[in-house]
Amino acid sequence: MSASAVIPYSIPSLTTERLILDAMTMADSDEVERLAGDEAVARTTASIPHPYPPGASRPWIATHLADFLAGKSVMWAMRLKSTHALLGCIGLIVHKEDDNAEMGYWIGVPYWNHGYTTEAARATIRFGFEYFHLERIHARHMAINPASGRVMQKAGMTREGTFRKHAKKGDTYHDIVYYGLLRSEWEEAVAQKV
Ligand SMILES: CC(C)(COP(=O)(O)OP(=O)(O)OC[C@H]1O[C@@H](n2cnc3c(N)ncnc32)[C@H](O)[C@@H]1OP(=O)(O)O)[C@@H](O)C(=O)NCCC(=O)NCCS
C-alpha cells in the first residue's frame with residue numbers, strides 16, 4: 001500500500017526546527033482564549049471576535065478532527081518544541097473540487113516577530129501539496145496587516161492583487177491582499193534547495 005493510500009484516524013503532527021504542529025485539544029482552550037482574546041490578535045483576523053466569549057474555543061476545537069477526516073481542513077496548534085507552550089494556530093481550508101486551499105494563522109502577541117509563523121507556514125504548505133495533492137494554496141490579509149503579507153512572501157507565495165474594501169470588520173471595510181502559490185512553483189523551489 002502506498003503512503004498516500006493510508007487512511008489516517010488522527011491529525012498528523014509535523015515538526016520543524018523549533019516547532020511542533022499538532023492537534024489542538026480541549027486542554028488548550030483556556031490558552032487559546034487568552035492569546036486570541038488579545039485585541040491585537042482579533043483586530044486583523046476575519047473571524048476572531050473581541051472580546052472573545054469564554055468557552056467559545058471549545059466547539060471550534062471540537063470540529064477539527066471530523067473536518068480533517070472529511071478532507072475539509074486541517075488545523076494545528078503551533079507549539080514550541082522546547083517547552084510545548086501553545087503559541088497560536090495554523091491551518092488550511094480545503095476546496096477539493098478545485099484542488100486548492102486557503103491558509104490561515106494567528107499567533108499570540110508575546111511570540112510575534114520570531115519567525116515562528118513563517119516556519120509553520122512553510123511546513124503547512126508542504127503538507128498541503130503532499131497530503132491533499134493541491135494545485136494551489138492561497139492566503140489573504142488585511143492591507144493594514146503587512147506582517148502577515150511578509151509571512152506569505154517569506155513562505156514563497158506571490159502577491160496576486162488587492163480586493164478593495166472586500167471585508168467588513170466592525171464598522172470598517174478593509175482592502176484584502178491576496179497571495180498564491182502554485183504546485184509547480186513550490187516544486188521548483190523545493191528542487192532548487194536540494
Ligand atoms: C501576522 C502574524 C501571524 C505574524 O506572525 P509572526 O510569527 O510574528 O511572523 P514572522 O515572525 O514569521 O514574520 C513576521 C514578519 O513581518 C515583519 N513585520 C512585523 N511587523 C511589521 C509591520 N508593521 N510592517 C511590515 N512588516 C512587519 C517582521 O519584521 C517579519 O519579517 P522579517 O522576518 O522580514 O523581519 C501575527 O502578527 C499575528 O498573529 N497577528 C494577529 C493575527 C493575524 O493577523 N493573523 C493573520 C491574518 S491574515
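Counting convention: from 1, in listed order, for ligands and their atoms alike.
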**Message:** I'd like to check the side chain to side chain contact (heavy atoms under 4.5 Å, CB included) partners of Pro51; sequence neighbours left out, ordered by chain and number.
**Reply:** none

Would you tabulate the polar-atom pairs, meaning N/O of ligand 1 against N/O of the protein, with distances under 3.5 Å, reported to 0.1 Å?
{"residue": "ligand 1", "atom": "5 (O)", "partner": "Thr117", "partner atom": "OG1", "Å": "3.0"}
{"residue": "ligand 1", "atom": "7 (O)", "partner": "Thr117", "partner atom": "N", "Å": "3.2"}
{"residue": "ligand 1", "atom": "7 (O)", "partner": "Thr117", "partner atom": "OG1", "Å": "2.7"}
{"residue": "ligand 1", "atom": "8 (O)", "partner": "Asn113", "partner atom": "N", "Å": "2.7"}
{"residue": "ligand 1", "atom": "11 (O)", "partner": "His114", "partner atom": "N", "Å": "3.4"}
{"residue": "ligand 1", "atom": "11 (O)", "partner": "Gly115", "partner atom": "N", "Å": "2.7"}
{"residue": "ligand 1", "atom": "12 (O)", "partner": "Thr118", "partner atom": "N", "Å": "3.0"}
{"residue": "ligand 1", "atom": "12 (O)", "partner": "Thr118", "partner atom": "OG1", "Å": "2.5"}
{"residue": "ligand 1", "atom": "13 (O)", "partner": "Lys154", "partner atom": "NZ", "Å": "3.1"}
{"residue": "ligand 1", "atom": "33 (O)", "partner": "Lys154", "partner atom": "NZ", "Å": "2.6"}
{"residue": "ligand 1", "atom": "34 (O)", "partner": "Arg150", "partner atom": "NE", "Å": "2.7"}
{"residue": "ligand 1", "atom": "34 (O)", "partner": "Arg150", "partner atom": "NH2", "Å": "3.1"}
{"residue": "ligand 1", "atom": "39 (O)", "partner": "Ile107", "partner atom": "N", "Å": "2.9"}
{"residue": "ligand 1", "atom": "39 (O)", "partner": "Ile107", "partner atom": "O", "Å": "3.3"}
{"residue": "ligand 1", "atom": "44 (O)", "partner": "Thr44", "partner atom": "OG1", "Å": "2.6"}
{"residue": "ligand 1", "atom": "44 (O)", "partner": "Asn145", "partner atom": "ND2", "Å": "2.7"}
{"residue": "ligand 1", "atom": "45 (N)", "partner": "Tyr105", "partner atom": "O", "Å": "2.9"}

**Request:** Kindly check if the number of other-residue, nucleotide or ligand heavy atoms within 6.0 Å of NZ (Lys169) is above 12?
**Result:** yes

**Prompt:** Will you find, in the side chains of Ser148 and Tyr105, an N or O donor that is under 3.5 Å from an N or O acceptor?
**Reply:** yes

**All pairs passing ring-ring contact (aromatic ring centres under 6.0 Å, His included) where residues 21-71 contributes a residue, at least two apart** = Trp60-His64, Phe68-Tyr131

**Complete:** Between Met78 and Cys89 the two heavy atoms that sit nearest each other are CE-O, 3.5 Å

**Item:** Pairing residues for His95 by the ring-ring contact (aromatic ring centres under 6.0 Å, His included) criterion, not counting sequence neighbours
**Value:** none

